[in-house]
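Working notes, structure below.
Counting starts at 1 for both ligands and their atoms, in listed order.
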Amino acid sequence: MAQKVTVPTVRAAKGGTPLVMVTAYDAPTARIADDAGVDVILVGDSVAMVVLGYEDTLQVTVADMAHHVAAVARARPRALVVADMPWLSYHLSGEDAVRNAAVLVRAGAAAVKLEGGATRVPVVEALIDAQIPVMGHLGLTPQSVHALGGYGVQGQQTEAAAALIDDATALVGAGCFAIVLECVPREVARLVTAEVAVPTIGIGAGPDCDGQVLVLHDLLGLEDRIAPKFVRRYGTIKAASVAAVSAYAADVRSGAFPSDAESYHLSDEVAASLGPSGPPERAARADRRTA
Ligand code: KIV
């Protein structure tokens with residue numbers, strides 16, 4: 001087995017071969033990601049929308065995230081497992097954030113990710129002081145959907161772009177080992193990437209980042225309802241799955257499934273002892289009923 005990916009491995013990938021990160025939320029998706037050789041598995045709070053059917057990511061709790069982190073960790077992936085800290089799990093105090101992050105680490109995460117810039121510095125410092133590595137997340141931060149007024153591209157004006165660069169510098173100063181840049185212009189992502197000494201991992205941030213991340217269900221085409229501009233679908237798994245389940249339904253209805261070969265059988269001896277109508281006692285009872 002190839003060597004386990006660690007936080008120092010990821011940090012050292014700055015400027016090298018682009019890092020590959022995908023989301024996974026359970027053991028089968030973690031195995032898919034790991035068999036494909038990704039570097040980082042993100043147990044994202046996108047689980048809320050992608051798997052649990054919520055409208056936004058604000059609905060998941062630390063307990064929900066721990067449940068999914070544990071399922072991913074049980075697949076024993078080679079990839080680094082990073083867990084999203086859900087909304088309100090790191091906004092109240094550094095102490096509260098450390099306690100919540102510890103739940104995710106004990107569930108199997110090697111690092112946590114949180115959203116926000118310079119205002120998060122004290123929390124990042126508290127986590128790092130507790131030996132919990134932190135990945136930052138700037139640009140479109142879905143936990144701020146109400147404050148931002150939607151899921152639009154961020155950092156499009158000079159001031160906002162400059163603030164993003166300052167935020168990235170502040171997060172790295174506080175000790176973040178990597179930063180996700182979501183939905184920002186390519187030019188801004190390039191500037192941030194040039195500015196910070198840790199890898200930037202882009203999603204909707206163009207090709208100049210040190211790595212890329214996509215939601216697994218988007219890239220597989222298992223989620224086929226929405227397709228943001230930055231999603232490239234590498235599979236049509238939803239369509240393939242609907243076709244497979246439809247074929248199963250048709251076979252059940254026509255009697256083509258299951259076949260005799262897909263059935264278990266008695267030994268000839270036991271079958272003969274039962275006779276064509278079942279055990280002798282039952283056959284006698286049936287005879288009495290019809291007499
Ligand atoms: O939760 C998530 O899936 C994420 C990625 C979009 C980076 O944070």
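Every atom of ligand 1 is numbered from 1 in the order shown, and the set under 4.0 Å from a heavy atom of D84 is 1 (O), 2 (C), 8 (O). In summary, the atoms of ligand 1 found under 4.0 Å from a heavy atom of H137, numbered by their order in the structure, are 8 (O).
Checking H265 against D260 by side-chain atom types alone, a donor-acceptor pair falls below 3.5 Å. Side-chain contact annotation: D166 with T169, donor-acceptor N/O pair under 3.5 Å absent.
Using a 4.0 Å cut-off between heavy atoms, T23 contacts ligand 1 through its side chain alone, with no backbone atom that close.
Ligand 1 does not have E115 within reach: every non-hydrogen atom of the residue lies 4.0 Å or more from it. Using a 4.0 angstrom heavy-atom cutoff, K113 counts as in contact with ligand 1.
Within 6.0 Å of CD on Q156 lie more than 12 heavy atoms contributed by other residues, nucleotides or ligands. With a 6.0 Å radius and a threshold of 12 heavy atoms from other residues, nucleotides or ligands, E262 has its CD atom above the threshold.
With respect to the salt-bridge test (charged N to carboxylate O, under 4.0 angstrom), the residues D210 and K14 qualify.
Considering backbone and side-chain N/O atoms, E182 never comes within less than 3.5 Å of an N/O atom of ligand 1.
Shortest contact from atom 5 (C) of ligand 1 to any protein heavy atom: L42 CD2, 3.7 Å. Annotation: atom 6 (C) of ligand 1 to nearest protein heavy atom, I203 CD1, 3.7 Å.
Between atom 3 (O) of ligand 1 and the options S46, G204, A24, G202, the minimum heavy-atom separation is to S46.
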**OP:** Could you walk me through whether Q212 and V20 pass side chain to side chain contact (heavy atoms under 4.5 Å, CB included), step by step?
**Re:** CA-CA 6 Å; Q212 298 293 325; V20 181; over 6 Å; no
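Side chain of K4 to main chain of P77: a donor-acceptor pair is present (N/O by atom type, distance under 3.5 Å, no hydrogens or angles).
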